[in-house]
**Q** 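Below is the structure I would like to discuss, written out as structure tokens.
In this text, all values refer to a predicted model and were calculated from it rather than measured experimentally.
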Amino acid sequence: QVQLVESGGGLVQPGGSLRLSCAASGRTSNNFHMGWFRRAPGKESAEFVAAIRWMNGYTYYSDSVKGRFTISRDKPKSMVHLQMDSLIPEDSAVYYCTLDPNAILSQLRIPGAYDYWGQGTQVTVSS
């Protein structure tokens, strides 16, 4: 069983930055994906934001955040971070840390591929 705990959300003005962190605990193999999804108000499904392949550090981004967000991992601490820069109001959402224990590349952007989800952290971008 894997547990994921997010931190770092909050209120920020447009153009500002936030850094989300996710601490993972529990047992899994070394070959998995960790990702960030978000769910905006009124949306039924979660949207893929970014993911990282734990074994080699390869990163993947949605087009809407590419160039503004950076996902990284801290292997000794079993943590993943999402640095969010140049934030815009459309980035407002609840952000979820996720883990796919099967690391299937073709399903990287599919919420259902991720077996484990954190409780979520609110990010609000507003002046």
**Q** Which atom names give the shortest non-hydrogen contact between Pro111 and Ala46, and what distance separates them?
**A** CG-O, 3.6 Å
**Q** Test of understanding: with salt bridge (Lys or Arg N to Asp or Glu O under 4.0 Å), list the residues that count as partners of Arg109, not counting sequence neighbours.
**A** none
**Q** Donor-acceptor check, side chain of Thr98 to backbone of Gly35, threshold 3.5 angstrom: yes or no?
**A** yes
**Q** Give, for atom SG of Cys97 and atom CD of Gln3, the distance between the pair rounded to the nearest 0.5 Å.
**A** 12.0 Å
**Q** Taking all non-hydrogen atoms of both residues into account, name the closest pair between Ala103 and Arg53 and its distance.
**A** O-NH1, 3.5 Å
**Q** Passes side-chain contact (heavy atoms from CB on, under 4.5 Å), Glu90 versus Ser64? Steps please.
**A** CA-CA 10 Å; Glu90 290 75 15; Ser64 62; over 6 Å; no
**Q** Considering all heavy atoms of both residues, which atom of Thr70 and which atom of Tyr61 are nearest to each other, and what is their separation?
**A** CA-OH, 3.3 Å
**Q** Going from CZ on Arg19 to OG on Ser7, what distance comes out if it is rounded to the nearest 0.5 angstrom?
**A** 9.0 Å
**Q** Would you say that Asn102 contacts Gln107 through its side chain, given a criterion of any heavy-atom pair below 4.5 Å between the two side chains?
**A** no
**Q** Drop me the distance from Leu82's CG to Thr121's OG1, to the nearest 0.5 angstrom.
**A** 11.0 Å
**Q** Tyr114 side chain to Trp36 main-chain N or O, any donor-acceptor pair under 3.5 Å?
**A** no
**Q** Are Tyr58 and Leu108 joined in one hydrophobic group, where the rule is that I, L, V, M, F, W and Y side chains link up if heavy atoms are under 4.5 Å apart?
**A** yes
**Q** If you round to the nearest 0.5 Å, how far is CZ of Phe69 from CG of Leu20?
**A** 8.0 Å
**Q** Mind listing the closest non-hydrogen atom pair of Pro14 and Ser127 along with its distance?
**A** CD-N, 3.7 Å
**Q** Go through Leu4 and Met34 one step at a time and tell me if the side-chain contact (heavy atoms from CB on, under 4.5 Å) criterion holds.
**A** CA-CA 10 Å; Leu4 304 172; Met34 288 197 73; 3.8 Å; yes
**Q** Looking only at heavy atoms, which two atoms of Glu6 and Tyr96 are closest? And how far apart?
**A** OE2-CA, 3.4 Å
**Q** Say whether Tyr95 and Val65 are linked into one hydrophobic cluster, either directly or through other cluster members, by side-chain heavy-atom distances under 4.5 angstrom.
**A** yes
**Q** Step by step, work out the side-chain contact (heavy atoms from CB on, under 4.5 Å) result for Leu105 and Tyr60.
**A** CA-CA 10 Å; Leu105 190 58; Tyr60 309 86; 3.5 Å; yes
**Q** State the CG-OG distance between Asp91 and Ser86, to the nearest 0.5 angstrom.
**A** 9.5 Å
**Q** What about Phe37 and Val94, same hydrophobic cluster or not, with Ile/Leu/Val/Met/Phe/Trp/Tyr joined at side-chain heavy-atom distances under 4.5 Å?
**A** yes
**Q** Is there a side-chain contact between Phe32 and Val2 in this structure, where contact means two heavy atoms from C-beta onward sitting under 4.5 Å apart?
**A** no
**Q** What's the shortest heavy-atom distance between Pro101 and Tyr116, and which atoms?
**A** CG-CE1, 4.2 Å
**Q** In this structure, would Trp117 and Phe48 fall into the same cluster of hydrophobic residues linked by side-chain contacts under 4.5 Å?
**A** yes
**Q** Would Val12 end up clustered with Met84 when hydrophobic side chains under 4.5 Å apart are linked, directly or stepwise?
**A** yes
**Q** Any luck finding a side-chain donor-acceptor pair between Ser126 and Thr124 under 3.5 Å?
**A** no
**Q** Please round to the nearest 0.5 Å and tell me the distance separating atom CE of Met55 and atom NE2 of His33.
**A** 9.5 Å
